[in-house]
Amino acid sequence: MKHAPADPEMLSVEDEKFDRIYPAAIRDLSAIFWTPVAVAAEAAPWLVTTDATRVLDIGSGAGKFCLVAAATSNGRFTGVEQRPELVEAANAARHALDLTEVEFLHANVLEIDFAQYEAFYLFNPFEENMHGHQIGTHIPLSPALFTKYTRHVAAQLGARPLGTRVVTFMAYADDIPSCYDCVQTRFGDDLKLWIKERPETDRPGLRRG
């Protein structure tokens with residue numbers, strides 16, 4: 001479940017300022033569902049290793065991670081989100097900030113070609129299917145979908161080349177296959193950088209805990 005971060009350095013006035021770019025209804029969700037500015041700014045250079053790096057944010061919500069990361073790095077950021085009103089809010093914010101290296105897709109993660117990206121960001125994108133904190137009831141939610149989505153993402157990440165980078169925030173790493181190692185952490189271990197260090201086996205293993 002996405003919790004409001006406990007680390008005081010993630011609750012700076014910068015988040016309050018940044019969130020003013022969103023309508024009130026979107027802004028009110030920020031403390032639970034959107035990546036804090038400080039976290040996004042830290043994660044971006046972990047993911048972007050060249051000017052050509054393409055990063056996929058899975059379950060991008062209102063686009064806060066992509067927007068902050070694009071403003072603080074040289075990568076190209078794509079967010080995929082199922083809720084059309086959040087994609088609309090993300091695109092409005094992108095235009096307001098005049099950011100060009102960002103796009104938001106209204107789609108299900110099952111429809112995305114992971115091979116188009118070199119790096120991936122996950123802020124517990126499927127936890128709504130398991131716990132009480134929900135953005136709304138406009139999309140199907142169930143434990144079965146949680147399992148389906150996490151297994152799909154794990155399989156896709158397992159198929160990516162050696163050296164692929166994944167950053168997770170406030171996550172249990174359900175989506176991270178065992179061929180990835182956690183190589184760096186920040187914010188009390190809530191932010192983790194994973195790198196694919198070895199080939200995936202025929203039967204991908206999920207990393208738990």
Side-chain angles (χ1 to χ4, degrees), residues 2 4-5 9-109 111-125 135-136 153 156 160 164-171 184 186-187 190-194:
K2 295 180 181 179
E9 75 178 295
M10 288 190 281
L11 299 174
S12 71
V13 69
E14 293 303 318
D15 280 293
E16 296 178 17
K17 290 179 179 178
F18 186 91
D19 291 344
R20 292 173 191 163
I21 200 168
Y22 296 115
I26 302 294
R27 188 165 60 241
D28 290 345
L29 298 170
S30 184
I32 296 176
F33 292 103
W34 314 147
T35 302
V37 168
V39 172
E42 185 80 24
W46 284 3
L47 292 166
V48 177
T49 55
T50 73
D51 290 349
T53 300
R54 296 166 297 177
V55 181
L56 178 66
D57 178 5
I58 300 170
S60 54
K64 187 173 177 181
F65 167 77
C66 289
L67 297 171
V68 174
T72 56
S73 75
N74 294 322
R76 169 75 183 180
F77 293 85
T78 297
V80 56
E81 170 59 46
Q82 291 192 77
R83 291 182 169 91
E85 69 275 15
L86 297 183
V87 176
E88 182 179 351
N91 277 316
R94 174 176 65 87
H95 287 298
L97 294 171
D98 195 26
L99 293 171
T100 59
E101 297 303 306
V102 186
E103 66 176 350
F104 297 101
L105 307 177
H106 176 216
N108 186 290
V109 69
E111 303 166 344
I112 300 300
D113 181 6
F114 279 50
Q116 298 299 311
Y117 306 94
E118 290 82 36
F120 303 86
Y121 178 75
L122 299 93
F123 177 7
N124 271 344
I135 295 174
V153 170
Q156 291 297 312
R160 303 279 62 77
T164 295
R165 290 174 169 243
V166 179
V167 168
T168 59
F169 178 55
M170 300 287 285
Q184 198 164 352
R186 277 280 280 125
F187 299 106
D190 285 336
L191 188 69
K192 294 182 172 70
L193 169 62
W194 308 81

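Keep in mind it's a predicted model, so treat the numbers as computed, not measured.
The backbone N or O of N108 sits nowhere less than 3.5 Å from a side-chain atom of Q82 that would complete a donor-acceptor pair. When atom types are taken as modelled, the side chain of W34 and the backbone of I26 share a donor-acceptor pair closer than 3.5 angstrom.
In this structure, a donor-acceptor pair under 3.5 Å is absent between the side chains of Y22 and S30.
Between E103 and R94 there is no salt bridge, since no side-chain nitrogen of the basic residue lies less than 4.0 Å from a carboxylate oxygen of the acidic one.
Contact annotation: the side chain of F18 approaches that of L97 to within less than 4.5 Å [non-hydrogen atoms, C-beta and beyond]. By the 4.5 Å heavy-atom criterion applied to side chains, V109 and V153 are counted as neighbours. Side chains of I112 and Y117 form a contact here, defined as non-hydrogen atoms less than 4.5 Å apart. V48 is listed as a side-chain neighbour of V55, based on a closest heavy-atom distance under 4.5 Å. Between L86 and F104 there is no side-chain heavy-atom pair separated by less than 4.5 Å.
Taken to the nearest 0.5 Å, the OH atom of Y121 stands 12.5 Å off from the CG atom of L56. Rounding to the nearest 0.5 Å gives a distance of 4.0 Å between CZ of F114 and CD1 of I58. To the nearest 0.5 Å, atom OG of residue S60 and atom NE2 of residue H106 are 10.5 Å apart. To the nearest 0.5 angstrom, F120 atom CZ is 14.0 Å from T168 atom OG1. Here CG of L47 is found 8.5 Å from OG1 of T53. Values are rounded to the nearest 0.5 Å. Rounding to the nearest 0.5 Å places CD1 of I135 at 6.0 Å from CD of E81.
For the residue pair L99 and A70, the shortest heavy atom distance occurs at CD1-CB, 4.4 Å. Across all their heavy atoms, K192 and W46 have their closest contact at C-CZ3, 3.9 Å. In plain terms, the two heavy atoms of A93 and I21 that are nearest each other are O-CD1, 3.6 Å. Between A62 and L67, the closest heavy-atom pair is O-CD1, 4.4 Å. The two residues C66 and D57 make their nearest non-hydrogen contact at SG-CB, 3.5 Å. Between G61 and A90, the closest heavy-atom pair is O-CB, 4.4 Å.
Within a 6.0 Å sphere centred on CG of D98, other residues, nucleotides and ligands contribute 12 heavy atoms or fewer. Heavy-atom neighbours of E101 CD from other residues, nucleotides or ligands within 6.0 Å: above the threshold of 12.
Applying the salt bridge (charged side-chain N to carboxylate O under 4.0 Å, His left out) test to every pair with at least one member in residues 26-47, sequence neighbours left out, gives these pairs: E42-R186. Applying the salt bridge (charged side-chain N to carboxylate O under 4.0 Å, His left out) definition to pairs two or more places apart or across chains, those involving residues 59-72 are D15-K64, D19-K64.
Proximity of the aromatic rings of F187 and F169 is defined here by a centroid distance below 6.0 angstrom, and this criterion is not met.
Using a 30° and 60° split on the angle between ring planes, F77 and F65 fall in the perpendicular class, above 60°.
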